[in-house]
There are 2 protein chains.
Amino acid sequence: MSDEILALERFLPYRLNRLADAVSRDFSRIYKERFGLTRPEWRVLAALGELGTMTATEVGRHSSQHKTKVSRAVAALEKRRWLARTADESDRRVERLTLTKAGQDAYREMVPLAKAFEKELLAELSAAERAALAAGLDALEQASLDRSNQFD
Amino acid sequence: MSDEILALERFLPYRLNRLADAVSRDFSRIYKERFGLTRPEWRVLAALGELGTMTATEVGRHSSQHKTKVSRAVAALEKRRWLARTADESDRRVERLTLTKAGQDAYREMVPLAKAFEKELLAELSAAERAALAAGLDALEQASLDRSNQFD
DNA sequence: AATCGACGGTTACGGATGCAACCAATTTTG
DNA sequence: CAAAATTGGTTGCATCCGTAACCGTCGATT
């Protein structure tokens, strides 16, 4: 294991990025081409669809997105009338975000497509490979995510 | 496994992106803060350092980067005098890219840092978890990368 | 050798993004 | 209770990025 040369194609940060890019590129066809959403918008939709009414900060935490991304995505979804803001009575800085009927409909339409996408991708792995992937990602998430406080 | 709700935090494309972002964010401190490189520039450096003289197209393939990214990164590294272009005798469209002495020095300085980074990250996993991660990534790469022709 | 399509690489342009600065509301501190 | 520090959220700015259009060169076809 010399320290002279780095095999880029085996280097973990590189591999993760390349894989994430490739998978996301594929998956983005669902929310981008078919629904005209950006990735931040898709994530906000997914967060609100999953957990219901939340504040922008909570959406950011649940979807691992910087607050500026959330702010812009929320504005875009609001313009599309897929979500609505309501003032919080007890704290006037906060806005409570909720999907509208149209937003919920879109979410319900996309969830099966997302699940099918994931299923098809994983179907190309053996059961043992899927188990290894799950275990490996869990472990790496635990090691990586908590030690790097990503969002301010 | 209802099709009503998607658990975003368990969704593969999301997990991969979040993980790649977190790990890259950490690692970028090495090439960004300490050497003032962008990620595309780091990758070009890594490709040339690993494999020696190459064309821009080959660099792009080896580092999984779009040709415009490569073009800009090469221009930046050239300006910094970390790489030099030489005309290819037999094909005047092509430029042969090589690291200069300064570029090689920088590469040799960064490789141990990169390896140490990866080692420390993986040190937080057990041996079994590392094995699972390796197997899982290998399998997913095989499933994903060849079926999505990412670059033109 | 003239034409046409492919290829290596660059660039203009529009859109996305992160950082920092900012505003307003709230909480903490003295 | 006034001042200061913190928080939720937005926006200006500079940068980055991908798409498409482009330029010059090469190879094949004729």
Side-chain angles (χ1 to χ4, degrees), chain A residues 17-18 20-22 24-26 28-29 31-33 36-44 47 53-79 83-97 148-152, chain B residues 17-18 20-22 24-26 28-29 31-33 36-44 47 53-79 83-97 148-152:
Chain A
N17 262 296
R18 189 174 44 144
D21 276 0
S24 283
R25 210 179 182 73
D26 266 8
S28 74
R29 290 218 307 270
Y31 59 74
K32 192 165 293 181
E33 293 181 9
L37 293 178
T38 65
R39 187 166 64 195
E41 287 159 23
W42 148 248
R43 285 198 188 174
V44 169
T53 300
M54 300 165 74
T55 71
T57 300
E58 289 165 345
V59 167
R61 177 164 30 246
H62 189 66
S63 62
S64 297
Q65 299 192 107
H66 193 271
K67 61 182 181 174
T68 61
K69 265 190 191 169
V70 173
S71 175
R72 285 158 179 150
V74 165
L77 290 175
E78 185 187 28
K79 194 166 163 186
L83 74 75
R85 318 187 196 219
T86 25
D88 184 302
E89 300 302 328
S90 61
D91 185 341
R92 271 179 298 180
R93 292 171 303 181
V94 172
E95 38 193 31
R96 320 191 73 240
L97 306 171
S148 72
N149 259 359
Q150 325 175 59
F151 296 108
D152 306 357
Chain B
N17 261 295
R18 188 174 45 144
D21 276 0
S24 283
R25 211 178 180 75
D26 266 6
S28 75
R29 290 216 306 268
Y31 59 74
K32 192 164 293 181
E33 293 181 9
L37 294 178
T38 65
R39 188 166 64 195
E41 288 160 21
W42 148 249
R43 284 198 188 175
V44 169
T53 300
M54 301 165 74
T55 70
T57 301
E58 290 165 343
V59 168
R61 178 164 30 247
H62 188 67
S63 62
S64 298
Q65 298 193 107
H66 193 270
K67 61 182 182 174
T68 62
K69 264 190 193 170
V70 174
S71 175
R72 287 159 178 149
V74 165
L77 290 175
E78 185 187 28
K79 194 166 164 188
L83 74 75
R85 318 187 197 219
T86 26
D88 184 302
E89 300 300 329
S90 60
D91 185 343
R92 271 180 297 178
R93 292 170 303 182
V94 172
E95 36 193 33
R96 320 192 72 240
L97 306 172
S148 73
N149 259 359
Q150 325 175 59
F151 297 108
D152 307 354

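What you see is a predicted model, and the numbers here were worked out from it, not measured in a lab.
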**Request:** Locate the shortest heavy-atom distance separating A:L37 from A:W42; write the atom from each residue and the value.
**Result:** CD1-CA, 4.1 Å
**Item:** Residue B:R72, side-chain atoms from C-beta onward, closest of D:dG9, D:dG18, D:dG12
**Value:** D:dG18
**Message:** Using the side-chain hydrogen bond (donor to acceptor under 3.5 Å, both in side chains) criterion, which residues pair with B:R39? Sequence neighbours excluded.
**Reply:** A:N17
**Fill in**
In whole angstroms, the gap separating P of D:dG8 from NE2 of A:H62 amounts to 18 Å
**Message:** Working note: B:L97 + B:E58, criterion side chain to side chain contact (heavy atoms under 4.5 Å, CB included); need CA distance, chi angles, decisive distance, verdict.
**Reply:** CA-CA 10 Å; B:L97 306 172; B:E58 290 165 343; over 6 Å; no
**Request:** Rounded off to whole Å, could you give me the CE-to-C1' distance for the A:M54 and D:dG9 pair?
**Result:** 15 Å
**Fill in**
Residue set satisfying salt bridge (charged side-chain N to carboxylate O under 4.0 Å, His left out) with B:R92, at least two apart, ordered chain then number -> none
**Request:** Identify, between A:P40 and B:A56, the residue whose nearest nucleotide on DNA chain C lies closer to the 5' end.
**Result:** B:A56
**Asked** For B:R43 and D:dC16, what is the distance between atoms CZ and P respectively, to the nearest whole Å?
**Response** 15 Å
**Message:** Considering every strand and a 4.0 Å limit on heavy-atom distances, what is the contact class for B:R39: base, sugar-phosphate, or nothing?
**Reply:** nothing
**Message:** Taking salt bridge (charged side-chain N to carboxylate O under 4.0 Å, His left out) as the definition, give me every residue that meets it alongside B:E95, ordered by chain and number, with sequence neighbours left out.
**Reply:** B:R85
**Side-chain N,O (A:T57) to OP1/OP2 (D:dT7) below 4.0 Å** = no
**Asked** Partners of B:R61 by salt bridge (charged side-chain N to carboxylate O under 4.0 Å, His left out), sequence neighbours excluded?
**Response** none
**Prompt:** Taking atom C1' of C:dT17 as reference, at what distance in whole Å does atom NZ of B:K32 sit?
**Reply:** 11 Å
**Prompt:** Quick one: B:Q65 CD to D:dT19 P, roughly how many Å, whole number?
**Reply:** 14 Å
**Message:** How many whole angstroms separate atom CH2 of A:W42 from atom P of C:dA16?
**Reply:** 18 Å
**Item:** Whole-Å distance separating the CD atom of B:E41 from the P atom of D:dC17
**Value:** 9 Å
**Complete:** side-chain hydrogen bond (donor to acceptor under 3.5 Å, both in side chains) filter on A:S28, not counting sequence neighbours, yields none
Might you list the N or O atoms of the protein lying below 3.5 Å from N or O atoms in nucleotides 20-29 of chain C, with each pair's distance?
from	atom 1	to	atom 2	distance (Å)
C:dT26	OP1	A:R92	N	2.9

**Prompt:** Taking atom P of C:dG15 as reference, at what distance in whole Å does atom NZ of A:K69 sit?
**Reply:** 18 Å
**Distance-only donor-acceptor test, A:R96 side-chain atoms vs D:dG8 base atoms, 3.5 Å** = no
